[in-house]
Every structure is written in C-alpha cells, then in structure tokens.
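Here's the structure, in structure tokens; my notes come after.
Model, not experiment: these values are computed from the prediction.
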Amino acid sequence: MLNIDMRKIYNFYPVEPAPAPDALPTGGDIYYECLDCTVIVNSVPHIKAACACGNLQGGGGKLEIKDPVRVRVVKGKLK
C-alpha cells in the first residue's frame, strides 16, 4: 500500500451540499476525508488504500467505510 499525501497532488473542495452518510457518492474525482485522522482516500481505489485509523480501507474499486458519519466528501482537482 502506498502512503501518499494526496494533498500534494490535488486541491480538495468539499461537496456542497454535504451528502447524507447513508448515500455517499462515488466517482473518479470523489474522495473521502477521514475526520479522525485527516487522511484522504479515493472513493473507488484501484490500488490498496486505507486511512491511518482504519475507518477507510479498500482496493480493487471498492471501499469499506466503518463509520460514514466520520467522513467528509470532497472533490479533487489536480494542482
């Protein structure tokens, strides 16, 4: 698993209005920021990815979220 700080590559902007925790969107430009450890993970990770506290983890295009209430949905644009 790569430990890359996504903020060095992308600018992130919160999705407004904030989606409900039970209806989180996915897509190539949609990312989730863990509110506990502030790590950002793609909503459809193709390589193994996880946040530091374990709330977000996945790979192969699927992401598991342990506590959706502790997630902020953001859009990423290349710097």
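Annotation: the span from Arg72 atom CZ to Leu24 atom CG amounts to 13.0 Å, rounded to 0.5 Å. Separating the NZ atom in Lys66 from the SG atom in Cys53 is a distance of 8.5 Å, to the nearest 0.5 Å. Atom CZ of Arg7 sits about 5.0 Å away from atom OG1 of Thr38, to the nearest 0.5 Å.
The minimum heavy-atom distance linking Pro68 with Pro21 is given by the pair CB-O, 3.4 Å. The nearest pair of heavy atoms linking Ala50 to Val41 is C-CG2, 4.0 Å. Pro19 and Pro25 make their closest contact through CG-CD, 3.6 Å (heavy atoms, listed as atom of the first residue, atom of the second, distance). Residues Asn42 and Gly28 approach most closely at ND2-O, 3.5 Å, considering heavy atoms.
Gln57 is not listed as a side-chain neighbour of Lys48, based on a closest heavy-atom distance of 4.5 Å or more. Counting heavy atoms from C-beta on, the side chains of Ile65 and Val71 come closer than 4.5 Å.
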Next item on the list: Let me see the working for Val73 and Ile30 under side-chain contact (heavy atoms from CB on, under 4.5 Å), right down to the final yes or no.
Entry: CA-CA 7 Å; Val73 181; Ile30 302 290; 3.8 Å; yes
Next item on the list: Test salt bridge (charged side-chain N to carboxylate O under 4.0 Å, His left out) on Glu33 and Arg70 and set out the steps.
Entry: CA-CA 9 Å; Glu33 178 181 18; Arg70 301 297 305 150; over 6 Å; no
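For Lys75, the salt bridge (charged side-chain N to carboxylate O under 4.0 Å, His left out) criterion is met by Asp29, not counting sequence neighbours. Every residue two or more places apart in sequence or in another chain that forms a side chain to side chain contact (heavy atoms under 4.5 Å, CB included) with Asp22 is listed here: Ala20.
The hydrophobic clustering, which links ILVMFWY residues whose side-chain heavy atoms are closer than 4.5 Å, places Leu63 and Val15 together. The hydrophobic clustering, which links ILVMFWY residues whose side-chain heavy atoms are closer than 4.5 Å, places Leu78 and Ile4 together. In the hydrophobic clustering of this structure, Tyr13 does not group with Ile40; members are Ile, Leu, Val, Met, Phe, Trp, Tyr whose side-chain heavy atoms approach within less than 4.5 Å, directly or through other members.
In this structure a side-chain-to-backbone donor-acceptor pair under 3.5 Å is present from Asn55 to Asp67. A donor-acceptor pair is defined here as one N or O able to donate and one able to accept, closer than 3.5 Å; no such pair exists between the side chain of Thr26 and the backbone of Val44.
Under a cut-off of 6.0 angstrom, the local environment of NZ in Lys79 is crowded, with over 12 non-hydrogen atoms contributed by other residues, nucleotides or ligands.
Counting only residues at least two apart or on different chains, the ring-ring contact (aromatic ring centres under 6.0 Å, His included) pairs with a member in residues 14-41 are Tyr10-Tyr31, Phe12-Tyr31.
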